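Right, one structure below, let's go through it.
This structure is a prediction, so every number in the text was calculated from the model and none was measured. Numbered from 1 within each chain, the chains take letters A, B, ... in sequence-line order.
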Protein chains: 2
Amino acid sequence: MPLQPVVRRSVPDEVFDQVLGEVVDGGIEPGETLPSERRLAEVLGVSRPAVREALQRMAQTRLLEVRHGGSTTVRDFKRFAGLDLLPQLLVRRGNLDAAVARSVLEARLAIGPSVAALAADRGGPALAAALEGTVDALAATDDDVERQRHALTYWDQVVDAADSVVFRLMFNSLRAAYEPALEALAPAMAEEVGQAGAYRVLTAAIAAGDPDTARAAADRVLRPATDSLIAALSALDLQNDEEKHS
Amino acid sequence: MPLQPVVRRSVPDEVFDQVLGEVVDGGIEPGETLPSERRLAEVLGVSRPAVREALQRMAQTRLLEVRHGGSTTVRDFKRFAGLDLLPQLLVRRGNLDAAVARSVLEARLAIGPSVAALAADRGGPALAAALEGTVDALAATDDDVERQRHALTYWDQVVDAADSVVFRLMFNSLRAAYEPALEALAPAMAEEVGQAGAYRVLTAAIAAGDPDTARAAADRVLRPATDSLIAALSALDLQNDEEKHS
DNA sequence: AACGCCAACTGGTCATACCACTTGACCTGC
DNA sequence: GCAGGTCAAGTGGTATGACCAGTTGGCGTT
């Protein structure tokens with residue numbers, strides 16, 4: 001087995017994860033109050049600053065409402081959590097959540113073509129050369145993990161060219177959720193990143209400054225793997241349901 | 001003037017904002033190291049735990065890289081920041097950033113129709129009734145602020161029906177950026193939220209379970225205000241440029 | 001019964017001490 | 001001279017205890 005970097009989990013990290021689990025898995029309903037910081041510190045066997053740091057981080061993502069002098073209440077994460085929570089929802093307790101994964105694929109398919117269209121509209125000649133270089137690199141390797149990285153680089157360049165802060169931030173959030181599982185997903189994504197030709201067509205459309213063609217080409221890059229993965233996820237889901245009922 | 005709730009800014013909040021400003025405005029380049037926690041505490045005249053809390057919160061949003069024993073370095077927020085940073089980018093130092101606002105409008109126009117299509121595909125009969133009720137409420141008031149709130153509720157219901165975690169989280173993030181400025185934006189959005197008819201067409205398409213029609217109808221709801229606002233922002237931008245050069 | 005005060009509890013902040021880790025200079029042995 | 005190990009200094013990580021500041025609810029007064 002290949003050597004892995006040791007994971008060093010700090011105390012606040014641990015507390016954060018535990019409280020997050022309670023909130024996300026419904027152990028504490030929205031509107032309920034959390035135990036006081038002192039009490040939590042006592043129960044968890046850690047110092048109050050450690051608890052405090054975890055709760056403040058959670059408050060920053062709008063999952064808690066902390067009131068000076070009053071109690072700390074849990075908010076409805078489905079209504080208030082931002083996209084930065086995606087990594088924690090995508091893989092919970094070490095398992096991939098099929099419904100979340102499906103929605104990631106759907107979002108990718110919905111947004112990618114729009115970004116490509118914007119890039120076609122705004123990208124200059126330098127962009128085309130850069131994209132071609134990335135596709136060349138993608139085509140030059142046989143390793144699926146490497147190919148995925150090149151594909152990520154490719155989309156990174158497209159997003160840059162789209163010159164949209166919002167899409168850039170969305171891309172960053174999605175990448176943060178995706179990258180940790182990149183190696184595990186290599187077989188599943190092999191179909192997509194193996195199609196260098198589709199990327200070349202997209203590159204040509206972007207280089208030509210043709211938004212509509214670029215949109216369609218991006219769809220052709222993303223759709224096949226999206227469809228087959230969603231089908232696979234559905235099958236997995238049915239299977240899990242059967243196991244539960246047996 | 002109407003009484004306003006007092007804003008209570010905690011010490012870590014203040015530190016967070018200051019450091020964030022340095023990072024976002026380029027006062028500290030990516031890769032550079034931050035002063036040590038003790039040093040920062042001394043310079044800012046606050047305690048180390050306060051500094052620590054601010055830095056940890058910043059690290060959670062991937063804007064800093066904190067290494068135990070080593071130094072804390074600044075990361076490139078353009079590459080790593082998630083969508084949750086949007087509120088702070090949209091309005092910086094009290095001013096609306098035109099480029100960011102434009103990208104919000106673009107993203108809204110690109111994503112809204114896709115979400116509507118998903119909702120049409122997945123929504124049941126209960127959804128149609130709920131949406132109609134919201135449009136009725138929207139049509140029943142003359143106050144632009146109230147109308148905006150109803151429009152938000154409308155989209156909230158659509159996003160719910162789309163049954164997609166990712167789009168839900170994106171919507172939450174966008175709303176978090178949008179709501180604080182809701183009152184200021186009332187005149188700008190009046191054009192859109194005044195068109196109850198367009199919402200009714202969209203509602204009918206969703207109720208009919210027709211994704212393609214819903215997509216087109218959503219586009220018609222969002223596009224007019226999007227186009228005119230982007231035009232207004234461009235004019236504003238040119239004007240600012242002229243002021244700079246004069 | 002209504003009001004106002006106050007004690008108890010909550011989060012907010014600070015100072016300080018010590019632990020754990022990284023770094024780089026220095027020193028050793030070859 | 002240089003590869004190796006050693007160690008001190010500096011960094012972030014954690015804990016403790018104290019006190020400030022705001023909220024809440026009960027209890028007494030009116």
Exercise. Rounded to the nearest Å, what distance is computed from the CZ atom of residue A:Arg38 to the C1' atom of nucleotide D:dG17?
Worked result: 11 Å
Exercise. Do B:Asp163 and A:Arg102 sit within salt-bridge range, that is, some charged N less than 4.0 Å from a carboxylate O?
Worked result: yes
For this session: Inspect the contact between B:Arg8 and B:Asp13 and indicate whether a charged nitrogen and a carboxylate oxygen are less than 4.0 angstrom apart.
Result: no
For this session: For the residue pair A:Thr72 and A:Glu65, confirm or rule out a side-chain donor-acceptor distance under 3.5 Å.
Result: no
Exercise. Which nucleotide sits closest to the side chain of B:Ser36: D:dT14, D:dT11, C:dC14?
Worked result: D:dT11
For this session: Name the residue closer to the 5' end of DNA chain D, choosing between B:Arg52 and A:Pro49 according to the nucleotide with the nearest heavy atom.
Result: B:Arg52
Problem set entry | Whole angstrom value for the distance that separates P of C:dG11 from CD of A:Glu42 | 14 Å
Exercise. Is NZ or CZ of A:Arg75 both nearer than 6.0 Å to the six-membered ring centre of A:Phe80 and within 45° of the ring axis?
Worked result: yes
For this session: Rounded off to whole Å, could you give me the CD-to-P distance for the A:Glu53 and C:dT13 pair?
Result: 14 Å
Exercise. Does C:dG12 have OP1 or OP2 sitting under 4.0 Å from an N or O in the side chain of A:Gln56?
Worked result: yes
Exercise. Below 4.0 angstrom, N of the basic side chain to O of the carboxylate: do B:Arg92 and B:Asp25 qualify?
Worked result: yes
For this session: Measure the distance from CZ on A:Arg9 to P on D:dT14 and round it to the nearest whole Å.
Result: 11 Å
For this session: Measure from CD on B:Glu37 to C1' on C:dT16 and round the result to the nearest Å.
Result: 15 Å
For this session: Please list, by residue number, the residues of residues 63-71 of chain A whose heavy atoms come closer than 4.0 Å to an atom of DNA chain D; answer none if no residue qualifies.
Result: A:His68, A:Gly69, A:Gly70
Problem set entry | Atom pair distance, as rounded to whole Å: CZ in A:Arg8 and P in C:dC19 | 18 Å
Problem set entry | Value in whole Å for how far the P atom of D:dG12 lies from CZ of B:Arg57 | 18 Å
Problem set entry | Backbone N/O of B:Val166 and side chain of A:Ser103: donor-acceptor pair under 3.5 Å | yes
Problem set entry | salt bridge (charged side-chain N to carboxylate O under 4.0 Å, His left out) against A:Glu14, all qualifying residues, sequence neighbours excluded | A:Arg9
Exercise. Just how far, in rounded Å, is P of C:dT13 from CZ of B:Arg48?
Worked result: 17 Å
